[in-house]
Amino acid sequence: MHIIPNKLYLVTGGSGFLGGDLVSRILSLGGRVRVLARNEGKLVSLKQKYPSIEISPGDISDPLEVKQAYKGISGVFHLAASKHVGLAEIFSRECIKTNVIGTMNVLNETLENKPDFVIGISTDKAAQISGVYGASKFLMERLFKQYEQLNENTKYRIV
């Protein structure tokens, strides 16, 4: 999956640790970037650092916000996730809402908009499940496999 100059790429959760590096990399390859993330402060900081990016404050668990973020995109880097293992055990609903339902929203839009690719970020905790976080990432991986069967026009990858 190559970054094509002047094409627009969506990075969900792009205001996080990995997101900033990914945004920088896409821009260095000539791509354009739209970031969908919940943390407005970090989004504003990212926009100040990279003035050419588009920011979209929102939550992937909201289908309308995902739909709006998909307009005109060529590919998706799905980094948005509830990542804290300990909090996932206490606030299971929030973890599932983001990691499973949010992923379904991100993938549902691929059926209508048909981006070239969607890359999802998983974890080793999905291989040997011992808690809510690992289970949610396991389900995310399975959803990617199902959508790959539903939409031959988009490449789905988990890394």
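Members clustered with Leu87: Ile90, Phe91, by chain and number, using a 4.5 Å side-chain heavy-atom cutoff among hydrophobic residues.
Taken together through direct or relayed side-chain contacts under 4.5 Å among Ile, Leu, Val, Met, Phe, Trp and Tyr, Leu107 and Leu64 form parts of separate hydrophobic clusters. The cluster map of Ile, Leu, Val, Met, Phe, Trp and Tyr, joined by side-chain heavy atoms under 4.5 Å apart, puts Val44 and Val33 in different clusters. Following chains of ILVMFWY side-chain contacts shorter than 4.5 Å, one cannot reach Ile101 starting from Tyr147, and the two form parts of different hydrophobic clusters.
Contact between Ser136 and Asn99 at its shortest, heavy atoms only, is OG-ND2, 3.0 Å. In plain terms, the two heavy atoms of Ala69 and Leu10 that are nearest each other are CB-CD1, 3.9 Å. Contact between Glu65 and Gly58 at its shortest, heavy atoms only, is OE1-CA, 3.1 Å.
The CD1 atom of Ile73 sits 11.0 Å away from atom CD of Glu54, with the distance rounded to the nearest 0.5 Å. Ile53 contributes atom CD1, which lies 11.0 Å from atom OG of Ser24 (distance to the nearest 0.5 angstrom). Considering CG of Asn113 and CG of Asn108, their distance stands at 11.0 Å, rounded to 0.5 Å. Separating the CD1 atom in Ile121 from the CG atom in Leu79 is a distance of 4.5 Å, to the nearest 0.5 Å. With rounding to the nearest 0.5 angstrom, the OG1 atom of Thr110 is 8.5 Å from the CZ atom of Phe144. Atom CG of Leu8 and atom CZ of Arg34 lie 4.5 Å apart (nearest 0.5 Å).
Sorted by first then second residue, the ring pair (Phe, Tyr, Trp, His ring centres under 6.0 Å) pairs that include residues 19-52, not counting sequence neighbours, number zero. The stretch residues 7-40 participates, sequence neighbours left out, in these ring pair (Phe, Tyr, Trp, His ring centres under 6.0 Å) pairs: Tyr9-Phe117. A side chain to side chain donor-acceptor pair (under 3.5 Å) check over residues 69-78, counting only residues at least two apart or in different chains, returns the pairs Thr12-His78, His78-Thr103.
Under a 3.5 Å cut-off, the side chain of Arg32 and the backbone N or O of Asn6 do form a donor-acceptor pair.
Counting heavy atoms of neighbouring residues, nucleotides and ligands inside a 6.0 Å radius, atom CD of Glu40 does not exceed 12 of them. Counted within 6.0 Å of NZ on Lys114, heavy atoms from surrounding residues, nucleotides or ligands total more than 12; the atom is thus considered enclosed. The number of heavy-atom neighbours closer than 6.0 Å to NZ of Lys47, taken from other residues, nucleotides and ligands shown, is above 12.
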Margin query: side chain to side chain contact (heavy atoms under 4.5 Å, CB included) for Ile60 and Asn105? Distances and angles first, verdict last.
Written below: CA-CA 7 Å; Ile60 62 168; Asn105 291 336; 5.6 Å; no
Next item on the list: Could you walk me through whether Asp116 and Lys7 pass side chain to side chain contact (heavy atoms under 4.5 Å, CB included), step by step?
Entry: CA-CA 11 Å; Asp116 296 333; Lys7 294 281 187 172; 5.7 Å; no
Next item on the list: List the steps and the verdict of side chain to side chain contact (heavy atoms under 4.5 Å, CB included) for Arg93 and Lys97.
Entry: CA-CA 6 Å; Arg93 182 181 178 280; Lys97 186 173 88 171; 4.1 Å; yes
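For Ser82 and Glu94, the side-chain atoms include no donor-acceptor pair closer than 3.5 Å.
Residues forming a side-chain contact (heavy atoms from CB on, under 4.5 Å) with Leu43 (at least two apart in sequence, or on another chain): Ser15, Val35, Ala37, Ile55, Pro57. Asp59 is linked by a salt bridge (Lys or Arg N to Asp or Glu O under 4.0 Å) to Arg38, counting only residues two or more places apart in sequence or in another chain.
Put simply, the side chain of Gln149 does not reach to within 4.5 Å of the side chain of Gln146, judged on heavy atoms.
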